[in-house]
*Asks:* 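Structure incoming, see below.
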Protein chains: 2
Amino acid sequence: MPATDNKTLAPQRWEALRALIRDRGVIRVEDLRRELRVSAATIRRDLDELERRGGIRRVHGGAMSVESRLDEPLFADKRSLAAREKRRIAEVAAAMVAAGDTIYLDGGSTVLELARLLRDRTNLTVVTNSLQAALELSGRGPRLIVIGGELRRLSQTLVGPLTRLVLGELHLDKAFMGTIGFALEEGLTTTDPSEAFTKQLVMRQARQVILLADSSKAGKVSFARAGSWDEVHVVVTDRQVDGAFARELAKKGPRLVRA
Amino acid sequence: MPATDNKTLAPQRWEALRALIRDRGVIRVEDLRRELRVSAATIRRDLDELERRGGIRRVHGGAMSVESRLDEPLFADKRSLAAREKRRIAEVAAAMVAAGDTIYLDGGSTVLELARLLRDRTNLTVVTNSLQAALELSGRGPRLIVIGGELRRLSQTLVGPLTRLVLGELHLDKAFMGTIGFALEEGLTTTDPSEAFTKQLVMRQARQVILLADSSKAGKVSFARAGSWDEVHVVVTDRQVDGAFARELAKKGPRLVRA
DNA sequence: CACCGTTTGATCGAATATGATTGAATCTAG
DNA sequence: CTAGATTCAATCATATTCGATCAAACGGTG
């Protein structure tokens, strides 16, 4: 029975919504619908509006007050998008790691995938600036050396001038690098100059530089230059990369491997 | 009307998971499944998500809080008891951190507790060799610098000769140190010489050295010497430490604070 | 009363979350 | 080290939930 009290205007409903969310912390659309005697569509519109004004956060199935903890991590997630490709690329890369090698693992999700594959290798030394890679290898696996530096939150990597200190002391057989974009003319580019600086250092210290980058990075140009093609020896990417692009790239120097 | 069908939103589940893991340290997927009334698949997905955000660590059969891989003498019964002491000690230590400070966080569960308390501080620079502390502060919080070095698995800290490179470039206002044991004659001792080496370096670079150690460490002597009492300025411990021991210790130089 | 803008409710394809299944990976006992 | 049991990751099927769209109800105005 549609009760008589639903003369509530939108601003009043908003008050009620805010109160409920504040009290309970988290609440479902379905509960709000029953409680306030309006349709779910209206609830959603209200929640969208309230979220726009701040104080609450929408989640699937309901909403929560923004101070009810749960701090969203900063790095966005396109992991599932190219997960398959990344995995394949990492597998090819893993096959390039020989016993006794000293290798470097850069940041980025593809390289992280490689770290995962190396978790059971022994007789191997891994040097990295990636907290996530370090975490992946922290339980067991190869000897692990973390280079010092300042944490860049977005990428969870250690970057900046301090990285030169440890890197300067080490010689690397192979460096597996990630990137935001790689393009024919511009080479490797990334968003952060400190990150780019550290990548440059690494590539200088490594006997062989291997870029791991799925096709979505091809042709993309970001802010800071991280390296040019004469420093890269191998590029491992997936089959979806444009054929013409691949041919032109090969002319620049690096060997191209399509996983 | 209690007829509201109580479905839980994903973020609520996450919160519950976090709480359970934090309380019990280690927990099995099977237990979580029963406790939260969802399928094992969902639990696994949730755990993956939480691990991605940090704070917990996925292991075969379940998950564990990231700090529980710590500390070598770990007696199950003693742990929860000491947890409260550790927390208190950490709270006292947190009060000693001033705005604008550059501080060092050593490994160990008590110092990790301090890291947790500093997670929302800004205008603060934290230098650390502890992967777990780094992880704790990786989402947000103070500026974070990780010193380079080789990973020691047991303690999840970076140690060894490489640590001198970054440490040599930095000056620290306050260093918060952990230890395996501290005794009147032998000073600070720990199990691993590389770990001890790095601790020594840190204490040399810090203007003020603050030892955080609950009473169970008092009088204990381990293998490698990590520091002597004339290098330690403050010792924060709990009330259960022996009175006579405390008086003798104070004669050696450090100021004693009982949390 | 006709007109018009606003708000709400209803509908439907798309996106998302969850549960079940299965072959592969991992652990453990011997 | 192997065999058996457990746990996992991947995949598919199903159930919610979402967002966009449009139609109905409402309220004011000429």
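Lettering of chains follows the sequences in order, A, B, ..., and the numbering in each one begins at 1.
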*Asks:* Taking side chain to side chain donor-acceptor pair (under 3.5 Å) as the definition, give me every residue that meets it alongside D120(B), ordered by chain and number, with sequence neighbours left out.
*Replies:* R140(B)

*Asks:* Measure CD1/I43(B) against P/dT6(D) and give the value in whole Å, please.
*Replies:* 20 Å

*Asks:* Residues in side chain to side chain donor-acceptor pair (under 3.5 Å) with R33(A), at least two apart?
*Replies:* E30(A)

*Asks:* Between the two ends of the helix from dC1(C)-dG30(D) to dG30(C)-dC1(D), what is the bend in degrees, rounded to 10 degrees, where each end axis spans five pairs?
*Replies:* 30°

*Asks:* Expressed in angstrom and rounded to an integer, what is the separation of E49(A) atom CD from dT6(C) atom C1'?
*Replies:* 14 Å

*Asks:* Quick one: L32(A) CG to dT8(C) C1', roughly how many Å, whole number?
*Replies:*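 Answer to the nearest Å: 16 Å.
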
*Asks:* Suppose we screen for side-chain contact (heavy atoms from CB on, under 4.5 Å). Which residues come up paired with A213(A), at least two apart in sequence or across chains?
*Replies:*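 A213(A) satisfies side-chain contact (heavy atoms from CB on, under 4.5 Å) with T179(A), F182(A), L211(A), K217(A) once adjacent residues are dropped.
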
*Asks:* NA contact type, R33(B), heavy-atom cut-off 4.0 Å: base, sugar-phosphate, or nothing?
*Replies:* nothing

*Asks:* Under 4.0 Å from OP1 or OP2 of dT18(C): is there any side-chain N or O of S39(B) that close?
*Replies:* no

*Asks:* Start with the C-alpha gap between E15(B) and R18(B), add the side-chain angles, then the distance that decides, and say whether salt bridge (Lys or Arg N to Asp or Glu O under 4.0 Å) holds.
*Replies:* CA-CA 5 Å; E15(B) 186 121 359; R18(B) 279 212 132 93; over 6 Å; no

*Asks:* On the nucleotide dT8(C), are OP1 or OP2 found under 4.0 Å from the side-chain N or O atoms that T42(A) carries?
*Replies:*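 For dT8(C), OP1/OP2 do not have a side-chain N/O of T42(A) under 4.0 Å.
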
*Asks:* Within the pair R28(A) and dT17(D), is there a side-chain N or O less than 4.0 Å away from OP1 or OP2?
*Replies:*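 Checking dT17(D) against R28(A), a side-chain N or O does come within under 4.0 Å of OP1 or OP2.
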
*Asks:* Does dT18(C) have its OP1 or OP2 closer than 4.0 Å to a side-chain nitrogen or oxygen of R44(B)?
*Replies:* no

*Asks:* Can you check whether any acceptor in the base of dG9(C) is under 3.5 Å from a donor in the side chain of R45(A), or vice versa?
*Replies:* yes

*Asks:* Nearest whole Å is fine: how far is dT8(C) C1' from D48(A) CG?
*Replies:*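 From D48(A) CG to dT8(C) C1': 15 Å.
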
*Asks:* Would you say K199(B)'s side chain and T189(B)'s backbone share a donor-acceptor pair under 3.5 angstrom?
*Replies:*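 No, because the side chain of K199(B) does not come within donor-acceptor range (under 3.5 Å) of the backbone of T189(B).
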
*Asks:* Let me know the distance between CD of Q12(A) and C1' of dT7(C), rounded to the nearest Å.
*Replies:* 14 Å

*Asks:* For E91(A), is the CD atom crowded, meaning more than 12 foreign heavy atoms sit under 6.0 Å from it?
*Replies:* yes

*Asks:* Tell me the interatomic distance from R58(B), atom CZ, to dT7(D), atom P, rounded to whole angstroms.
*Replies:* 12 Å

*Asks:* Given atom CE of M64(B) and atom C1' of dT7(D), what is their separation to the nearest angstrom?
*Replies:*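 Distance, rounded to whole Å: 17 Å.
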
*Asks:* Looking only at side-chain atoms of V38(A), point me to the closest of dC8(D), dG9(C), dG19(D).
*Replies:* dG9(C)

*Asks:* Sequence neighbours excluded, which residues qualify as side chain to side chain donor-acceptor pair (under 3.5 Å) partners of R53(A)?
*Replies:* E49(A)

*Asks:* What residues, two or more places apart in sequence or in another chain, satisfy side-chain contact (heavy atoms from CB on, under 4.5 Å) together with R152(A)?
*Replies:*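 Expected list: L154(A), S155(A), T157(A), V159(A), T191(A), D192(A), E195(A).
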
*Asks:* Test of understanding: with side-chain contact (heavy atoms from CB on, under 4.5 Å), list the residues that count as partners of V92(A), not counting sequence neighbours.
*Replies:* V236(A), V257(A), A259(A)

*Asks:* In chain order, what residues pass the side chain to side chain donor-acceptor pair (under 3.5 Å) check against R58(A), with sequence neighbours excluded?
*Replies:* D48(A)

*Asks:* In the 5'-to-3' direction, what one-character label does each nucleotide of nucleotides 21-30 of chain C receive under the scheme B = base within less than 4.0 Å of a protein heavy atom, S = sugar-phosphate only, - = no such atom?
*Replies:* -----SS---

*Asks:* To the nearest Å, how far apart are L47(B) CG and dT7(D) P?
*Replies:* 14 Å

